[in-house]
Amino acid sequence: NDIASYDPVDMGWGDSNYIDTVFASSTLDAQGKSTYEPKNVNDNKTTAWIEGVDGGGIAESITIRFKKINAAEPVTSITIYNGFQASEVTYQKNSRPKTILLWINETAVYTLHLEDTMNGQRFLVDVQPEGEMPMTFRFEILDVYVGSTYEDTGITEIQFDGIWSGI
């Protein structure tokens, strides 16, 4: 079950427009107690989704689905915490996306060029929802920074923000 958690205490854009499901084209098998599930990109921790194919994961993707996004509260930015950020050593050992193609509702909309840094990287977007329909955001890996030890490519967090009209 890849349903992301919802925290009603936070209050803000994400409480009106919360993530319904997170899924991926592939996932690296668990290593002991460590899992690399898609829902890790939305847990506010240093866990990560890591793709599970041979090589650097080119063309692999993670998809985040919102049941709906309020028309009065569009998405204005997406912040990505690149790589597997459990530690600086872990970050360097694993591959990280260099370029991501962002698909919104199955339409390629933005090419995101990420720096090789553990800092959050914020991308301004203009996503105007249409009615009460679900919206999907698929992040497809186009190019990677190669890890020093592992080819596996990961993303620690993906955060959405937008205009919040309040309670």
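Index from 1, following the sequence.
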Would you sort out whether F84 and Y150 count as a ring-ring contact (aromatic ring centres under 6.0 Å, His included), showing the intermediate values? CA-CA 11 Å; F84 184 13; Y150 307 111; 9.5 Å; no

Can you tell me which residue pairs pass the salt bridge (charged side-chain N to carboxylate O under 4.0 Å, His left out) test with a partner in residues 100-109, sequence neighbours excluded? E106-R138

As a quick check of understanding, evaluate side chain to side chain contact (heavy atoms under 4.5 Å, CB included) for M118 and E88, giving each step before the final call. CA-CA 8 Å; M118 291 177 69; E88 191 167 330; 4.2 Å; yes

Filter on salt bridge (charged side-chain N to carboxylate O under 4.0 Å, His left out), then keep only pairs touching residues 46-61, sequence neighbours left out; what's left? none

Considering residues at least two apart in sequence or located in another chain, which fulfil the side chain to side chain donor-acceptor pair (under 3.5 Å) criterion with T90? S87

Might you point out which heavy atoms bring N40 and T35 nearest each other, and give the distance in Å? ND2-O, 3.0 Å

Any residue meeting side-chain contact (heavy atoms from CB on, under 4.5 Å) with F123, in chain and number order, not counting sequence neighbours: I80, L112, L114, Q121

Step by step, work out the side chain to side chain contact (heavy atoms under 4.5 Å, CB included) result for F160 and V125. CA-CA 10 Å; F160 295 81; V125 296; over 6 Å; no

Any link between L28 and Y145 through a network of hydrophobic side chains (Ile, Leu, Val, Met, Phe, Trp, Tyr) touching at under 4.5 Å? no

Identify whether NZ of Lys or CZ of Arg in R96 sits under 6.0 Å from the centre of the six-membered ring of Y91 and within 45° of that ring's axis. yes

Across all chains, not counting sequence neighbours, the side-chain contact (heavy atoms from CB on, under 4.5 Å) partners of D126 are Y110, Q128

Measuring only between side-chain heavy atoms, which start at C-beta, is D152 closer than 4.5 Å to S95? no

Show the nearest heavy-atom pair for residues V127 and I104, with the distance to one decimal. CG2-CD1, 3.5 Å

Classify the side-chain pair N119/T117 by whether it contains a donor and acceptor separated by less than 3.5 Å. yes

Does K98 come within less than 4.0 Å of D116, counting only side-chain N to carboxylate O? no

Work out which heavy atom in I155 is nearest to a heavy atom in Y81; give both atom names and the distance. CG2-O, 3.7 Å

Qualifying residues under side-chain contact (heavy atoms from CB on, under 4.5 Å), relative to A108, sequence neighbours excluded: L101, W103

Going from CZ on R65 to CG on D20, what distance comes out if it is rounded to the nearest 0.5 angstrom? 4.5 Å

